[in-house]
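First comes the structure, then the notes that go with it.
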Amino acid sequence: MSGKKCPQCGLVNFAADLECRRCGAFLSRQGQALGEETEEGKGGRRSLKKKLLWIIGATFSVLFLCYVSLLASSERLNSEQKQVVYRATALLEQNGFKGDVFMLRHFASFRSTDNWWNKYLGHREAYAATNFPFEIVTLYPEFFAVSVDDNERAVMLLHESYHLFGYGEAATLEGVWRNKSRLGWTAEKYSQTKVWKNTIELTRGNVPQLFQCGPDGQSDCAP
């Protein structure tokens, strides 16, 4: 039978002893003085910490490998496309969208073709797509060809910046629609463009409460 070592004076007592025979310190049932952790308890805590660290490390490794594979399976923007994105982002910055611009400039990885994940999921007709939390933004040919100017492209980048923050589609559509006038993207100027028509259709479908204003109860609440 193992003895109980007193942590105060070091004397090894009998297992049945409750107090140290030399200094009188109280010995716990686990074989240590009151208040001192057992080696078994310490070992258990160390083991739990190691497991948690291993899980965290494995998770980050998998996410990193997934991120690299998404980049490797898609193509970068060409120099002309980068210039378009730069101008549209500059418009956002000029109009006070500092946080959105920060995400687009410092966290977003822009691509011009679908990665394997987008291809696997498939998607409806879109101008762009964002893979959260990997912060990969794919800009499709329509982003450059269908939009009529940098203002419309700025609006579309604003949309993707919401996704970079993790917002869902409904919240993103509402945020962009409420802020569209800050970019001068209004019905008076853009109501006949394809981007406007597609956006208002999507916003009506996902956030109908934004179109319940005015005398008729069907007007835009954020003109």
Side-chain angles (χ1 to χ4, degrees), residues 63-64 66-180 182-186 189-203 205-207:
L63 289 174
F64 177 75
C66 188
Y67 172 74
V68 172
S69 72
L70 292 174
L71 292 180
S73 60
S74 57
E75 296 180 9
R76 299 178 180 180
L77 301 181
N78 60 38
S79 58
E80 184 179 347
Q81 291 170 331
K82 287 179 181 178
Q83 285 300 313
V84 172
V85 171
Y86 176 82
R87 293 198 306 268
T89 304
L91 276 176
L92 287 173
E93 186 173 34
Q94 290 169 18
N95 287 280
F97 295 95
K98 304 292 185 182
D100 303 280
V101 170
F102 182 81
M103 291 296 290
L104 291 166
R105 284 182 176 166
H106 300 288
F107 289 92
S109 296
F110 289 99
R111 315 303 284 178
S112 63
T113 60
D114 271 328
N115 52 58
W116 65 266
W117 184 242
N118 285 348
K119 290 176 182 177
Y120 174 75
L121 290 178
H123 58 79
R124 50 180 167 69
E125 291 185 15
Y127 300 107
T130 295
N131 300 114
F132 178 82
F134 300 103
E135 311 303 71
I136 295 175
V137 180
T138 305
L139 303 179
Y140 299 112
E142 291 79 7
F143 175 90
F144 303 97
V146 176
S147 52
V148 298
D149 58 19
D150 287 336
N151 258 16
E152 285 207 325
R153 288 184 277 274
V155 169
M156 288 188 279
L157 287 183
L158 179 62
H159 182 106
E160 299 311 314
S161 75
Y162 274 81
H163 288 315
L164 290 172
F165 280 107
Y167 288 98
E169 188 67 8
T172 295
L173 288 167
E174 180 176 359
V176 171
W177 196 256
R178 289 187 181 280
N179 284 287
K180 65 187 185 298
R182 288 174 62 184
L183 287 164
W185 198 59
T186 60
K189 297 179 181 179
Y190 294 91
S191 62
Q192 298 306 309
T193 69
K194 186 174 181 180
V195 174
W196 178 277
K197 291 176 181 178
N198 289 344
T199 303
I200 195 172
E201 181 182 355
L202 279 173
T203 307
N206 286 272
V207 199

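Residue numbers start at 1 and run along the sequence shown. The figures here come from the full heavy-atom set of this structure, side chains too, leaving out hydrogens, waters and symmetry mates.
Residue Asn115 holds its CG atom at 5.5 Å from OG1 of Thr138, rounded to the nearest 0.5 Å. A distance of 12.0 Å separates CH2 in Trp117 from OG in Ser73, rounded to the nearest 0.5 Å. Separation of atoms CG (Asn78) and CD (Gln83) is listed at 10.5 Å; rounding is to 0.5 Å. Here CD of Glu135 is found 5.0 Å from CG of Leu164. Values are rounded to the nearest 0.5 Å. Of the inter-residue distances, the one linking Leu77 atom CG with Tyr86 atom OH reads 15.5 Å to the nearest 0.5 angstrom. In this structure, Met156 CE and Glu142 CD are separated by 10.0 Å, a value rounded to the nearest 0.5 Å.
Pairs of residues two or more places apart, or lying in two chains, that qualify as salt bridge (charged side-chain N to carboxylate O under 4.0 Å, His left out) and include a residue from residues 84-103 are Arg87-Asp150, Glu93-Arg105.
Taking Tyr67 as the reference, Leu71, Ser109, Phe134, Ile136 meet the side chain to side chain contact (heavy atoms under 4.5 Å, CB included) condition, with sequence neighbours excluded. Every residue two or more places apart in sequence or in another chain that forms a ring-ring contact (aromatic ring centres under 6.0 Å, His included) with Phe102 is listed here: His106, Phe107.
For Phe64, the CZ atom counts as loosely surrounded, since its 6.0 Å shell holds 12 or fewer non-hydrogen atoms of other residues, nucleotides or ligands. By the 6.0 Å contact criterion, CZ on Phe144 is enclosed, its count of non-hydrogen atoms from other residues, nucleotides or ligands being greater than 12. For Arg182, the CZ atom counts as densely surrounded, since its 6.0 Å shell holds more than 12 non-hydrogen atoms of other residues, nucleotides or ligands.
Although no hydrogens or angles enter the test, the distance criterion places a donor-acceptor pair under 3.5 Å between the side chain of Lys180 and the main chain of Trp177. Side-chain atoms of Ser112 come within 3.5 Å of backbone N or O of Arg76 as a donor-acceptor pair. The backbone N or O of Leu104 lies less than 3.5 Å from no partner atom in the side chain of Ser161, so there is not a single donor-acceptor pair. A donor-acceptor pair under 3.5 Å is formed between the side chain of Arg111 and the backbone N or O of Ser74. Checked by atom type and distance alone, the side chain of Asn151 pairs as donor or acceptor with a backbone atom of Leu183 at under 3.5 Å.
Taking both residues in full, the closest heavy atoms of Ala154 and Ala88 are given as CB-O, 3.6 Å, listed atom of the first, atom of the second, then distance. When all heavy atoms of Met103 and Phe165 are compared, the pair lying nearest together is CG-CZ, 3.1 Å. The minimum heavy-atom distance between His163 and Phe132, with the atom names listed, is O-CD1, 3.5 Å. What you find for Leu173 and Leu202 is that their closest heavy atoms are CD1-O, 3.7 Å.
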Test side chain to side chain donor-acceptor pair (under 3.5 Å) on Thr130 and Glu160; report intermediate values, then the result. CA-CA 6 Å; Thr130 295; Glu160 299 311 314; 2.5 Å; yes

Using side-chain contact (heavy atoms from CB on, under 4.5 Å), reason through Asn118 and Tyr140 one step at a time and then give a plain yes or no. CA-CA 12 Å; Asn118 285 348; Tyr140 299 112; 3.9 Å; yes

Let me see the working for Gln81 and Leu139 under side-chain contact (heavy atoms from CB on, under 4.5 Å), right down to the final yes or no. CA-CA 9 Å; Gln81 291 170 331; Leu139 303 179; over 6 Å; no

Begin from the C-alpha positions of Thr199 and Trp185 and carry the test side-chain contact (heavy atoms from CB on, under 4.5 Å) through to its verdict. CA-CA 12 Å; Thr199 303; Trp185 198 59; 3.7 Å; yes

Worked check of side-chain contact (heavy atoms from CB on, under 4.5 Å) between Val195 and Tyr127: CA-CA 9 Å; Val195 174; Tyr127 300 107; 3.9 Å; yes

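Seen from the ring of Trp116, Lys119 does not count as a face-on cation partner, given the 6.0 Å and 45° thresholds.
The side-chain heavy atoms of Asn179 and Tyr162, taken from C-beta on, include a pair separated by under 4.5 Å.
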